[in-house]
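Order of the sequence lines sets the chain letters (A, B, ...), proteins ahead of strands, with each chain counted from 1.
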Amino acid sequence: MSVERVIFHVDMDAFFVSVEEIFDPTLKGKPVVVGGLAHERGVVAAASYEVRKFGVHSAMPLRHAYRLCPQAVFIPGHPDRYRSYSRQVRAVLDDFSPQVKMASIDEAYLDMTGSKRLLGPPLNVANSLHETIKEKIRLPCSIGIGTSRLVAKIASDMAKPNGILSVLPGAEDRFLAPLDVARIPGVGKVSQENLCKYGIHKIGQLTRLQEEHLRSIWGKAGVSLVAKSRGLDVDMWSSPGMSVPDKPKSISHETTFRDDTTKQDLIDATLVKLVQLVGRRLRGYGLHGRTIQLKLRYADFKTITRARTLIRSTQLDTVILASIRELFSQNWNEDKAIRLLGVQIGSLETTSGQLDWIDDPRDRKWKQALEATDAVRNRFGESSIGLASAMKNAHQERVHENTVDVPERKLE
DNA sequence: TCTGGGGTCCTAGGACCC
DNA sequence: TCTGGGGTCCTAGGACCC
């Protein structure tokens, strides 16, 4: 018989807005939107509780938010501040549990199993954690307590704002049954509508369904849905040791133009910039990637992705750029204005696809140059150095070498 | 009401190999 | 002389999360 797990889910309230209020206390009590200016192309990243009364919520287009609440204060946001405050929160959490997993910049899971002897009853501990974050960091949060991460997360959601909600062991079903299926993490708009077609609206209805029935309709997703409806951790929630994936599986950057464009030079300069951003972070992680993907969104919002996998993984902007330019020229329909461009690299590995002793001297040269500029950029900022002109025509002749036709090298 | 940016995971089909 | 089944890799698209 295993010990009942005790999981805390700590979720910061309107995190970006709350951080902005620390820097500008006059914002307190006002309708505030973080994410961009009122007439920009973009969406709401965080909404204060005051502005939510007007129907504004996150992920809503900024223009729409403006129409609902013209008197709101619109703030583009300060990602560095949010990251810094996120680290401060984490430091406090680490004092309460050796098992902390940050799920995103503003939420975390704490495994508090077995902490009772040391710290006291979970509800008291949560109270003291709540107080500590309030006093030390001056930020409000909500805490959910449950026997699984799923239950703890839903509980913290219902405790908002500025509250604590504990679901006692054995009470999971009673707690979950009356809730909308959309409360389940992983059930979004589409799944909710699909369930709705079968007359399923509440979590309790899912619990009563036969697993076989759901499997026949929704396959694997259906099976995990039944488990979730019973408050059990499945798939991404399941790892018992709550291991942290510290290395990313892909790295990407994308940008939406202020105005849709067909301008070749603007497009190419944008691709170069995106490649540089991706390349720099790739090297920052010490990773190499093999699959390079271009994302293209047209003015009508039709979006395509086109990918190519290299024979050897790379860390070099020049190699990435050559692939991206090729993918772009092969796929851009020149009549159509472009709304968004994106660059992604995946199939990441810690080791280079190349062995040192067959290292190409040209690659080595580029690698050194990039390391130097990375260092300068890290110290002095993004616009301090541009490799754009230098990269304009470099590596054109190398495209083939990295993508097609490399004769199989019999080395091993 | 015109819809960001950075991710993860899943599905489905085709190529290719045995 | 129309035809198998399993496994892996690759690509494209989409749901979902914060």
Inset, instruction - For B:dT3 versus C:dC16, give the span between their C1' atoms, rounded off to a whole number of Å. - result: 16 Å
Inset, instruction - To the nearest Å, give me how far apart NE2 (A:H253) and P (B:dG4) are. - result: 17 Å
Inset, instruction - Return no unless some side-chain N or O of A:T256 is found under 4.0 Å from OP1 or OP2 of B:dG5. - result: yes
Inset, instruction - Check whether any side-chain nitrogen or oxygen of A:S191 sits under 4.0 Å from OP1 or OP2 of C:dC16, and answer yes or no. - result: yes
Inset, instruction - Compare the ring of A:F301 with the six-membered ring in the base of B:dT3 and state whether they stack (centres under 5.5 Å, planes under 30°). - result: yes
Legend entry - Intra- and interstrand pairs of DNA chain B - dot-bracket, Watson-Crick/G-U under 3.5 Å, | marks other strand: ....||||||||||||||
Legend entry - Basic-acidic side-chain contact under 4.0 Å: A:K30, A:D24: no
Inset, instruction - Determine whether more than 12 heavy atoms belonging to other residues, nucleotides or ligands lie under 6.0 Å from atom NZ of A:K263. - result: no
Inset, instruction - Ignoring the backbone of A:L340, work out which of C:dG13, B:dG4, B:dG5 is nearest its side chain. - result: B:dG5
Legend entry - Contact list for DNA chain C against residues 15-24 of chain A - heavy-atom distance below 4.0 Å: none
Inset, instruction - Looking at every strand, decide which applies to A:V187 at a 4.0 Å heavy-atom threshold: base, sugar-phosphate, or nothing. - result: sugar-phosphate
Legend entry - Nearest-angstrom distance, P atom, B:dG4 to C:dA15: 16 Å
Legend entry - Nearest non-hydrogen partners of A:R5 and A:I7, listed with the distance: NH1-CD1, 3.9 Å
Inset, instruction - Report, as yes or no, whether the 6.0 Å neighbourhood of atom NZ on A:K136 holds more than 12 heavy atoms from other residues, nucleotides or ligands. - result: no
Inset, instruction - Applying side-chain contact (heavy atoms from CB on, under 4.5 Å), run through A:D260 and A:Y298 and close with a yes or a no. - result: CA-CA 8 Å; A:D260 303 334; A:Y298 291 109; over 6 Å; no
Inset, instruction - Check every atom of B:dG5, B:dT11, B:dC2 against the side chain of A:K220 and return the nucleotide holding the closest atom. - result: B:dT11
Legend entry - A:D317: which of A:R280, A:R283, A:R325 passes salt bridge (Lys or Arg N to Asp or Glu O under 4.0 Å): A:R283
Inset, instruction - Determine: side-chain N/O of A:R63 to OP1/OP2 of B:dT3, distance under 4.0 Å, yes or no. - result: yes
Inset, instruction - With the side chain of A:K153 defined as its heavy atoms from C-beta on, choose the nearest nucleotide among B:dT3, B:dC2, C:dC18. - result: C:dC18
Legend entry - Residue-phosphate contact under 4.0 Å: A:T305 side-chain N/O, C:dA12 OP1/OP2: no
Inset, instruction - Choose from B:dT3, B:dT1, C:dC18 the nucleotide whose nearest atom is closest to any side-chain atom of A:R67. - result: B:dT1
Please list each protein N or O that sits under 3.5 Å from an N or O in nucleotides 7-10 of chain C, with the distance.
| residue | atom | partner | partner atom | Å |
| --- | --- | --- | --- | --- |
| C:dC10 | OP1 | A:R290 | NH2 | 2.8 |

